Student: 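Pasting in a structure now, in structure tokens, and then I'll have a few things to ask.
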Amino acid sequence: MEKALKLQGEFLVNVSHELKTPLNVIFATAQLFKMYCDTGSLDDKKDSIVKYIDSIKQNSYRLSKIINNIVDLSKIEAGFFKLNLSNNNVVEVVEEIVMSVTTLTDSKGLNIIFDTDSEENIIACDSEKIERIVLNLISNAIKFSHAGDEIFVDVTSNDKFVEISVRDNGIGIEEKDLDMIFDRFKQVDKSLSRNAEGTGIGLSLVKSIVELHGGSINVESEFGKGSKFTVKLPKVKVLHENMIYSSNVRSKDENIQVELSDVYS
């Protein structure tokens, strides 16, 4: 119990840091806008204001992602997190996600490549949650890659499973850290000044959502040579599709903005 409480304490410190960073940016920008209003220089500062508004929006997305992850993990632990399962072509779902992030990867000097051994694999899944899983794995690949590196997203299948893999040739993960990679309360890099932003709970959430689909996820990595995350989803279909509409469903573009908020610059 003492060890668990210590880990949770470290987690809360880190989350607090991650919440404060975007909040401070938004607060500082609000103060700047007030100063412009007080001095009557809004028109003169129009170009700068547009950039500041973009910064507010981006940091709002970051706050939204952190809060969503915390709330959803809590829902999963309490048994309230539900999947809206329907029969979808998972190849098409993943390919659309990859195509939608190419502008970002190009801007960072990264080459993202999609490949599949079949044009159609229809399985029971929650397409919005699959999108979230893949975006999270791509986000991690981007964070730990450098300009000139490549990211490979593959969809393959056999009689029982469809596999979605995201592989990069970035910095990789040390072998001693592989066991904790999906732990909610642990991070490979615990320093608050690490190169990549994030609470470290994204992969824990991904693992939970994959398991709710009846699947599994594993990671292979070699430090200095890159990592490969593989999601296995069962090839099953549902007879009665859950097509419940939620008024809170965001557009695909906004989902991407939120899930990749900590890698946009």
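Bear in mind the structure is a predicted one, so any value in this text is a computation, not a measurement. All residue numbers in this chain count up from 1 along the given sequence.
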Student: Ignoring hydrogens and geometry beyond distance, is a side-chain donor-acceptor pair present between Asp154 and Thr156 at under 3.5 Å?
Tutor: no

Student: Of the non-hydrogen atoms in Ile97 and Glu131, which two are nearest, and what is the gap between them?
Tutor: CD1-CA, 3.2 Å

Student: Would you please say whether a donor-acceptor pair under 3.5 Å links the side chains of Asn69 and Arg132?
Tutor: yes

Student: Determine, for Lys34 against Asp38, whether the closest basic-nitrogen to carboxylate-oxygen distance falls under 4.0 angstrom.
Tutor: yes

Student: When clusters are formed by joining ILVMFWY residues with side-chain heavy atoms under 4.5 Å apart, either directly or through shared neighbours, do Phe27 and Leu32 land in the same one?
Tutor: no

Student: Under the 3.5 angstrom rule, does the side chain of Lys108 hit a backbone N or O of Ala147 as a donor-acceptor pair?
Tutor: no

Student: Measure across Asn121 and Asn89 and return the closest heavy-atom pair with its distance rounded to 0.1 Å.
Tutor: N-OD1, 3.0 Å

Student: Nearest heavy-atom pair of Leu85 and Asp126: which atoms, and what distance?
Tutor: CD2-N, 3.7 Å

Student: Atom CG of residue position Asp43 - does it have more than 12 heavy atoms of other residues, nucleotides or ligands inside 6.0 Å?
Tutor: no

Student: Are the side chain of His213 and the backbone of Pro234 linked by a donor-acceptor contact shorter than 3.5 Å?
Tutor: no

Student: Determine the minimum heavy-atom distance between Ser118 and Thr116, stating which atoms define it.
Tutor: O-OG1, 2.6 Å

Student: Does Lys235, at its NZ atom, have more than 12 non-hydrogen atoms belonging to other residues, nucleotides or ligands within less than 6.0 Å?
Tutor: yes

Student: If you measure only the distance, is there a donor-acceptor pair under 3.5 Å linking the side chains of Ser221 and Ser227?
Tutor: yes

Student: Spell out, as yes or no, whether a donor-acceptor pair under 3.5 Å connects the side chain of Thr105 to the backbone of Val101.
Tutor: yes

Student: Does Phe152 share a hydrophobic cluster with Ile217, counting links as ILVMFWY side-chain heavy atoms below 4.5 Å and allowing steps through other members?
Tutor: no

Student: Is the backbone N or O of Ser86 less than 3.5 Å from a side-chain atom of Asn88, with the two atoms forming a donor-acceptor pair by type?
Tutor: yes

Student: Above 12 or not: heavy atoms from other molecules or residues under 6.0 Å from CD of Gln31?
Tutor: yes

Student: Mark yes when over 12 heavy atoms from residues, nucleotides or ligands other than Lys129 sit less than 6.0 Å from its NZ; otherwise mark no.
Tutor: yes

Student: Group every Ile, Leu, Val, Met, Phe, Trp and Tyr by side-chain heavy-atom contacts under 4.5 Å, then state whether Leu233 and Leu212 land in the same group.
Tutor: yes

